[in-house]
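We use all heavy atoms of the structure for the numbers below, so side chains are in, but hydrogens, waters and symmetry mates are not. Quick caveat, the model's predicted, so the values are computed rather than measured. Chain A is the first sequence line, chain B the second, and so forth, proteins listed ahead of strands; every chain is numbered from 1.
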Amino acid sequence: MPEGHTIHRIARDQTPRFCDQRLRVSSPQGRFADGAAELNGRILREIEAHGKHLFYHWSGRRILHVHLGLYGRFRRHSVPAPEPRGAVRARVLGREHAFDLNGPTACDVIEEAEMERIRSRLGQDPLRDDADPGAAIERIIRSRAAIGRLLLDQSVIAGVGNIFRAEALFVCGIHPEQPCNRLGPEQAESLWDTLASMLRIGVRYNRIITTDPEDVGKPRSRMTRDERLHVYKKDRCPRCSGVVSSWDCGARTVYACEACQRQA
DNA sequence: AAGAATGTTATGTA
DNA sequence: CTACATAACATTCT
């Protein structure tokens, strides 16, 4: 069986980062079977993420591009791995463990040029070292769109999804329908900082936790699902106990406390 | 068991 | 060009 090494561990929060596992590539299936065969015997050099897009850099200039979308998920099995369940698009087989990739939006073998094409569509990723916060802030305060919509626009800030949008706006006390160009630069900056910090915590704990351990009264590692978020899918505002509103904003459901996040 | 969901893209409209 | 809406896709969970 051909060999390669990979590093895996996907965060369920769609802001994937990884921890180490030495693995071997073997008989992947499905959509990228042909491309994957080319990966056999190649060594994984690096895993890179830009927003929700993952780029696995293999020797020989091959890049495995993965986007988990809504349902994409890596599952870990002990070796020998069971029969693939559902739409397994990739299987990475190691000495002790195997990973199946189910239901991703994207799973393609590409080259540098295509990766650049994809990255050129993406905005600043707060988790990347090369992120330019100023560029994102500039884009925000120039836009006439509602901030709730803009935060989902991956060409402005890459990596923020529906949960982080609702949570960051709540923490910053900004109404989702507030037009961006009526936000002050300090507000845009505080949104960026809040998102960056939330995303980092997401990576560290491998789940979305936006609440403060001080307020909750227990460490993040012991918080229940309900304690991890402020407003997303909540009925009541944790700050004023008022009703949390939800409506459609940018083709997704947004949640906000209209008392604490007043619209100017 | 229908419907929503931690998402993107392609296409059409104003 | 911008902004926005809609549909299509794929899977899990309630």
Side-chain angles (χ1 to χ4, degrees), chain A residues 9-17 29-32 49-55 65-75 84-90 100-108 110 114-115 117-123 125-127 138-171 176-182 194-195 198-211 223 225-235 246-256:
Chain A
R9 182 103 168 73
I10 287 281
R12 273 208 79 202
D13 63 4
Q14 318 276 343
T15 57
R17 291 299 187 269
Q29 323 192 341
R31 191 164 139 198
F32 79 105
H50 188 152
K52 300 161 189 166
H53 293 257
L54 308 176
F55 301 100
H65 169 228
V66 172
H67 190 294
L68 295 174
L70 271 177
Y71 334 101
R73 173 178 174 166
F74 278 102
R75 280 205 179 89
R85 297 271 164 191
V88 173
R89 294 294 163 70
D100 282 348
L101 173 57
N102 281 74
T105 288
C107 180
D108 309 291
I110 61 174
E114 175 64 5
M115 184 183 95
R117 217 192 51 125
I118 293 165
R119 288 201 54 200
S120 71
R121 283 185 260 133
L122 300 172
D125 176 351
L127 288 174
E138 192 58 28
R139 276 283 303 269
I140 293 172
I141 60 179
R142 265 192 293 117
S143 170
R144 281 167 306 181
I147 185 65
R149 289 169 187 281
L150 209 77
L151 290 184
L152 294 184
D153 185 341
Q154 301 298 301
S155 72
V156 179
I157 299 180
V160 173
N162 203 19
I163 296 182
F164 285 118
R165 150 175 94 164
E167 296 293 299
L169 287 171
F170 176 82
V171 167
E177 300 296 342
Q178 178 84 12
C180 294
N181 58 10
R182 292 176 59 194
T194 301
L195 285 166
M198 286 177 171
L199 288 163
R200 274 186 234 113
I201 290 165
V203 170
R204 174 130 140 242
Y205 292 88
N206 200 23
R207 54 173 42 131
I208 302 178
I209 305 172
T210 64
T211 49
M223 288 183 185
R225 168 183 288 271
D226 192 56
E227 289 166 336
R228 289 179 210 136
L229 302 175
H230 299 280
V231 278
Y232 180 78
K233 280 191 178 169
K234 300 280 187 180
D235 297 327
S246 65
W247 67 94
D248 202 88
C249 177
R252 314 295 304 276
T253 306
V254 75
Y255 299 81

Listing time: all N or O pairs from protein to nucleotides 3-5 of chain C that are below 3.5 Å?
from  : atom 1 : to       : atom 2 : distance (Å)
C:dA5 : OP2    : A:Arg149 : NH1    : 3.0

> When Watson-Crick pairs (N1 to N3 and N6-O4 or O6-N4) and G-U wobble pairs (N1-O2 and O6-N3) count only below 3.5 Å on both distances, what is the dot-bracket string of DNA chain C, with | for other-strand pairs?
Replying inline: .||||||||.||||

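- Between A:Asn162 atom CG and B:dG7 atom P there is a gap of 6 Å when expressed in whole angstrom units.
- Qualifying side chain to side chain contact (heavy atoms under 4.5 Å, CB included) partners for A:Glu177, counting only residues two or more places apart in sequence or in other chains: A:Ala146, A:His175, A:Trp247, A:Cys249, A:Gln263.
- Legend: residues meeting salt bridge (charged side-chain N to carboxylate O under 4.0 Å, His left out) with A:Asp226, ordered by chain and number and at least two apart, are A:Lys234.
- Within the structure, the side chain to side chain donor-acceptor pair (under 3.5 Å) test picks out the following pairs touching residues 144-157 of chain A (sequence neighbours left out): A:Asp153-A:Ser155.
- When the side-chain hydrogen bond (donor to acceptor under 3.5 Å, both in side chains) test is applied to A:Arg117, the partners found at least two apart in sequence or on another chain are A:Glu114.
- Taking A:His230 as the reference, A:Phe170 meet the ring pair (Phe, Tyr, Trp, His ring centres under 6.0 Å) condition, with sequence neighbours excluded.
- For A:Arg121, there are no salt bridge (charged side-chain N to carboxylate O under 4.0 Å, His left out) partners at least two apart in sequence or on another chain.
- Residues passing the side chain to side chain contact (heavy atoms under 4.5 Å, CB included) test with A:Glu227, sequence neighbours excluded: A:Val216, A:Lys218, A:Met223, A:Thr224.
- By the side chain to side chain contact (heavy atoms under 4.5 Å, CB included) test, A:Ala168 pairs with A:Leu191, A:Thr194, A:Leu195, A:Met198, sequence neighbours left out.
- Taking A:Arg252 as the reference, A:Leu70, A:Leu152, A:Asn162, A:Arg165 meet the side chain to side chain contact (heavy atoms under 4.5 Å, CB included) condition, with sequence neighbours excluded.
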Give me, pair by pair, the N or O atoms of the protein and of nucleotides 8-14 of chain B that are less than 3.5 Å apart, along with how far apart they are.
from  : atom 1 : to       : atom 2 : distance (Å)
B:dT8 : OP1    : A:Lys52  : NZ     : 3.4
B:dT8 : OP2    : A:Lys52  : NZ     : 3.4
B:dT9 : OP1    : A:Arg121 : NH1    : 2.5

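- For the atom pair CG of A:Leu151 and CD1 of A:Ile157, the computed distance is 5.5 Å after rounding to the nearest 0.5 Å.
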